[in-house]
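Whatever order the structure lists them in is the order used to number ligands and atoms, beginning at 1. Keep in mind that the numbers below use all heavy atoms, side chains included, and drop hydrogens, waters and symmetry copies.
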Amino acid sequence: RAKANGKACHEIFAPTMYLSALKELHLESDLRQAIQRQELVVYYQPIVFLKTQQIIGAEALVRWQPPGKSLIPPNDFIPLAEETGLIINLDRWVLQCACQQLYEWQQDFQGLAPHFISVNLSPKQFFDPRLKDIIIEIVGKTGLDKKYLKLEITETVFLKNSHTVLNLLYQLQQLNIQICLDDFGTGYSSLSYLHRFPLNSLKIDRGFINDLGQTNQNDAIVRIVGTLAQELQLELIAEGIEESYQIEALTTLGYQWGQGYYFSPPIDAQAFSLLLEKNTFHI
Ligand code: C2E
Ligand code: MG
Ligand code: MG
Ligand code: MG
C-alpha cells in the first residue's frame, strides 16, 4: 500500500515496516528452532461439570518456553505460525502430546481421568488435505481411542466453501472424533451452520461470560445460545468463568459445563495430575 500512496508515505512507513519485518524474521527463525528444540510446552485447562465442579475434560493450550526467558503466550506466536505455515507442525505436535497425555491419565486415574481432550485446530491445519491421515497416524501412535478426542475449530472455517467444510467434518465424524465450535458468537456467526454441520459441542466466547449480569442484551444472547444448544442437542461449554456468580447465572440458564480461572488457569501436566488426585480424595 505504501508504494501506491507515493513517496511521502513510503518514507513515513518504511522504517517501522522494516523494523517489524526484521522482528518477525527473528521470531520466525526462533519459532522454527523452538519446535525443533522442543521448547514448546502443552498446558491443560480443566473443563468442569458446573454442578459438582468435577473435571470432565481438558483443553490443551500451547506455550513457548525459551530457555532462561519467561513463558510466551500463544497469542504472541500462533498468528506468525499460521502465516508461515509452521502451524501445521506445531498443531501436530500439540495433538500428539495431548493424546499421549490423556492416555497416560487414563492409565493412572481410570474413570477419574478427563472424559475427553480438546485440541485447537488452526484453519490451515483443518483444510490440510492430509488432516485425516495425520490424525490417524498421530493418535494411533499414542494408543488413545479417537472417541476421546475433541477438535476445536472456529467460525472462520465456515467462510470457505461449505461443501469442503461439510466433507471434512463428516470425515472426522466417521473417525469418531468430536468437533467443538470454539469462541462461538465472536465471528461470522450464522445460525444456519449449527444444524447444517455435524458439530458435537459449542463453546460460547468468554466475552459473553465476562459481561454476564451487565446488560440485558448480553444476558439474552447467553440465554438464547443455551436454549439453542439444548434444542440442537449440542454440548455447551462456557469459557472464561472467573467468579462464582457466573456459575450460578450459567446453571440457571441451563449451562452444564464450563472452564475458567475460577476453577483453574491452564497448568502443566504435572499440576493437572495433582488436581486429578485431589478429585479422587473427594470420592
Ligand atoms: P482459545 O482456544 O479460545 O483458548 C481459551 C483461552 O482463554 C486460553 O488462552 C485460556 O488461557 C484463556 N482463559 C481460560 N479461562 C480464562 C478466564 O477465566 N479468563 C480469561 N481472561 N482467560 C481465560 P491462551 O492459552 O492464551 O490461548 C489463546 C488462544 O491461542 C486460544 O484461544 C487458541 O485460539 C490459541 N491456541 C492455543 N493453543 C493452541 C494450539 O495448540 N494450536 C492452535 N492452533 N491454537 C492454539
Ligand atoms: Mg479453544
Ligand atoms: Mg475459546
Ligand atoms: Mg479464543
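The line from CG of Leu275 to CG of Leu112 is 13.0 Å long, rounded to the nearest 0.5 Å. We find the OG1-CD1 distance between Thr252 and Ile247 to be 11.5 Å, quoted to the nearest 0.5 Å. A distance of 11.5 Å separates CG in Asp30 from CD1 in Ile35, rounded to the nearest 0.5 Å.
When each atom of ligand 1 is checked for a heavy atom of Pro266 under 4.0 Å away, the hits are 11 (O). Of all the atoms in ligand 1, the ones that sit under 4.0 Å from a non-hydrogen atom of Val94 are 41 (O). The distance from ligand 1 to the heavy atoms of Ser122 drops below 4.0 Å at these ligand atoms: 44 (N). Each of the atoms 24 (P), 25 (O), 26 (O), 27 (O), 28 (C), 30 (O), 37 (C) of ligand 1 lies under 4.0 Å from some heavy atom of Pro74. Ligand 1 places these atoms under 4.0 Å from at least one heavy atom of Val62: 38 (N), 39 (C), 40 (C), 41 (O). Those atoms of ligand 1 that come under 4.0 Å of a heavy atom in Glu239, given as number and element, are 3 (O), 5 (C). If you number the atoms of ligand 1 from 1 as listed, the ones under 4.0 Å from a heavy atom of Asn75 come out as 28 (C), 29 (C), 30 (O). Contact atoms of ligand 1 toward Asp183: 3 (O) (distance under 4.0 Å to a heavy atom of the residue).
Few gaps surround CD on Gln107; more than 12 heavy atoms of other groups in view lie less than 6.0 Å from it. Surrounding OH of Tyr103 are at most 12 heavy atoms belonging to other residues, nucleotides or ligands under 6.0 Å away.
Minimum-distance N/O/S atom of Asp182 relative to the Mg ion (ligand 3): OD1. Distances from the Mg ion (ligand 2) to each N, O or S atom of Glu152 single out OE1 as the nearest. Within Asp183, OD1 is the N, O or S atom that lies nearest to the Mg ion (ligand 3).
Considering backbone and side-chain N/O atoms, Tyr262 never comes within less than 3.5 Å of an N/O atom of ligand 1.
Residue Asp182 touches ligand 1 through its side chain alone, judged by heavy-atom distances below 4.0 Å. Contacts between Asp91 and ligand 1 below 4.0 angstrom, taking non-hydrogen atoms only, involve the side chain exclusively.
Under the 4.0 angstrom criterion for non-hydrogen atoms, Arg63 is in contact with ligand 1. Under a 4.0 Å heavy-atom criterion, Glu82 is not in contact with ligand 1. In this structure, Gly240 is part of the shell of residues with a heavy atom less than 4.0 angstrom from ligand 1. Proximity of Gln259 to ligand 1 is not established, as no heavy-atom distance is less than 4.0 Å.
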Report task. Show your working on side chain to side chain donor-acceptor pair (under 3.5 Å) between Gln259 and Glu239 and close with a plain yes or no. Result -> CA-CA 5 Å; Gln259 70 186 101; Glu239 68 178 355; 5.1 Å; no
Report task. Evaluate the criterion ring-ring contact (aromatic ring centres under 6.0 Å, His included) for residue pair Trp105 and Tyr44; output intermediate values, then yes/no. Result -> CA-CA 12 Å; Trp105 281 330; Tyr44 299 90; 5.2 Å; yes
Requested in this report: Take Asp268 and Val41, measure what side-chain contact (heavy atoms from CB on, under 4.5 Å) needs, and give me the verdict at the end.
Outcome: CA-CA 8 Å; Asp268 67 26; Val41 262; over 6 Å; no
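Partners of Lys203 according to the salt bridge (charged side-chain N to carboxylate O under 4.0 Å, His left out) rule, which considers only residues two or more places apart in sequence or in another chain, are Glu59, Glu152.
The Mg ion (ligand 3) has an N, O or S atom of Glu239 inside 2.8 Å of it. Within the 2.8 Å limit, Ser118 places no N, O or S atom next to the Mg ion (ligand 2).
Rounded to the nearest 10 degrees, the angle OD1 (Asn120) to the Mg ion (ligand 2) to OE2 (Glu59) equals 90°.
Considering only non-hydrogen atoms, atom 4 (O) of ligand 1 lies nearest to Leu61 out of Val42, Asp76, Leu61, Asp205. Nearest-residue assignment for atom 14 (C) of ligand 1 (options Glu242, Glu243, Gln45; heavy-atom criterion): Gln45.
The ring of Phe184 has its center no closer than 6.0 angstrom to the ring center of Phe208.
Residue Phe49 is found in a hydrophobic cluster whose other members, listed by chain and number, are Ile47, Ile56, Phe116, Ile237, Trp257; membership requires side-chain heavy atoms under 4.5 Å apart, directly or through intermediates.
Of the listed residues (Ile179, Asp91, Leu151, Leu169), just one forms a side-chain contact (heavy atoms from CB on, under 4.5 Å) with Phe126, and that residue is Leu169.
Donor-acceptor pairing under 3.5 Å is lacking for the side chains of Gln178 and Tyr148.
At a threshold of 4.0 Å, the pair Glu235-Lys150 counts as salt-bridged, since one of the basic side-chain nitrogens sits closer than that to a carboxylate oxygen.
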